[in-house]
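Numbers here are sequence positions counted from 1. In listed order, ligands and their atoms are each counted from 1. Computed from a predicted model, the values in this text were never measured in an experiment.
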Amino acid sequence: MQRLIPTLRQDQVAEGLISVINTLQICAKEISFRLHQGELAGVLGSTLDENIQGETQKKLDVLSNQLLKDILLENKFVRAVASEEEEGIVDGFSDGKYLIAFDPLDGSSNIDINSMVGTIFSILPAPTDGTEDEAMFLQPGSNQVAAGYVLYGPSTLLVFTTGKGVRVFTLDQKVGEFLLTEHDLEIPKDTCEFAINMSNYRHWQPEMRHYIDDLLAGETGPRCKNFNMRWIAAMVADVHRVLCRGGLFTYPWDCREANKPYKLRLMYEGNPMAMLVEQAGGQAHSGEQRILDIQPQHIHQRIGVILGSSNEVDACLSYLQGSQ
Ligand code: F6P
């Protein structure tokens, strides 16, 4: 089985980008090791703090963030990093070629129940026109040169794209190396599976409720087929299932807080997942536009997400646009 670096060379990935992806996999192995040690490493549970999004921080959120930040910022190709756990960007090398946005530990409320979590990353080119600070990151997702995630589950997987399909590497714990186990993931166009947090039903737009009602109506309803539902409550794991066997994943607009109608973040959740999903032949939409076309306004921007099997994303959008 092929190792990571030879696969990247075969895909003719630029040396600087190979170096950044290599650094990310080093961090991933370290985080994976701590996670698998669980209680033995004394890293489970919460800190007394909240992150800048107002969410309780897990000890492992803090540790993973610190690890990624420290190790990435030693790489001379890294211009700056942006993290879910940091209010502003953190500068690296002034002549670095890449910007890395990451969610160090997505789905971290799953840690304490020994369920799946992951690290999501998005790599953008650093602007060469003198743009500085946070403005460097405010590029549409279509500019990403690579995107991916590490899924810490029964096996640790590194799933990423550099724009030439979606590769899956599995961490071989015996040799401590990521080995290529899937060359080109492809999402089936049709699906009978969806993922949504149903407990928010009463907060959705009527059009989204109508779409879900019709899925639940099954084969005697207007969709004429039975649908199954799955919700792992870690985007990284739910999207991984969609990449492996198709499905529709959505975290839609919700009316609870007028100034915070969305949960998921564009720069380190929506964009990297959208690039992966499109590379695997699926679609990723905010409900208003293709996610990869969104011009970000700030690094912690939130958006609606509807992604997965192409025909099902179209079906969902047709309800939202009122044509059903
Ligand atoms: O980043 C937020 C996140 O943990 C996602 O990974 C996941 O899809 C979602 O929130 C889970 O939301 P909820 O708590 O509503 O199930």
**Q** Could you list the atoms of ligand 1 found under 4.0 angstrom from a heavy atom of Asn197?
**A** 13 (P), 15 (O), 16 (O)

**Q** Below 4.0 angstrom from a heavy atom of Tyr251, which ligand 1 atoms are there? Numbered from 1 as shown, please.
**A**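 The atoms of ligand 1 under 4.0 Å from a heavy atom of Tyr251 are 12 (O), 13 (P), 15 (O).
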
**Q** Using 30° and 60° as the class limits, which term best fits the ring planes of Phe160 and Phe169: parallel, tilted or perpendicular?
**A**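 Aromatic pair Phe160/Phe169 classed parallel.
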
**Q** Does either side chain, that of Asp106 or that of Tyr268, offer a donor lying less than 3.5 Å from an acceptor on the other one?
**A**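 Tyr268 and Asp106 do not have a side-chain donor-acceptor pair below 3.5 Å.
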
**Q** Please confirm whether Lys263 comes within less than 3.5 Å of ligand 1 when only nitrogen or oxygen atoms on both sides are compared.
**A** yes

**Q** Could you work out, with ring-ring contact (aromatic ring centres under 6.0 Å, His included) as the rule, every residue matching Tyr98, not counting sequence neighbours?
**A**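 Testing Tyr98 for ring-ring contact (aromatic ring centres under 6.0 Å, His included), a comparison that skips the adjacent residues, returns none.
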
**Q** Is Glu15 salt-bridged to Arg9, going by a charged N under 4.0 Å from an acidic O?
**A** yes

**Q** If the threshold is 4.0 Å, N to carboxylate O, is there a salt bridge linking Glu177 and Arg3?
**A**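 Between Arg3 and Glu177 there is a salt bridge, with a charged N closer than 4.0 Å to a carboxylate O.
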
**Q** Among all residues two or more places apart in sequence or in another chain, which pass the ring-ring contact (aromatic ring centres under 6.0 Å, His included) test with Phe121?
**A** none

**Q** Does any N or O of ligand 1 fall below 3.5 Å from an N or O anywhere on Asp103, backbone included?
**A** no

**Q** May I ask you to list the atoms of ligand 1 that are less than 4.0 angstrom from any heavy atom of Asp106?
**A** 1 (O), 5 (C), 6 (O)

**Q** Is the closest heavy-atom distance from Asp238 to ligand 1 below 4.0 Å?
**A** no

**Q** Enumerate the atoms of ligand 1 whose separation from the nearest heavy atom of Glu269 is less than 4.0 angstrom.
**A**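 It comes down to these atoms of ligand 1: 1 (O), 2 (C).
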
**Q** Mind checking whether Ala233 contacts ligand 1 via backbone (N, CA, C, O), side chain (CB onward), both or neither, at a 4.0 Å heavy-atom cut-off?
**A** both

**Q** Identify the two heavy atoms, one from Phe227 and one from Thr191, that lie closest to each other, and give their separation to 0.1 Å.
**A**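 What the structure gives for the nearest pair is CE2-O, 3.5 Å.
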
**Q** Within a distance under 4.0 Å of any heavy atom of Met235, pick out the atoms of ligand 1 and give their elements.
**A** 5 (C), 6 (O), 7 (C), 8 (O)

**Q** Should you measure from each heavy atom of Arg265, which atoms of ligand 1 turn up under 4.0 Å away?
**A**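 Listed by number with element: 1 (O), 2 (C).
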
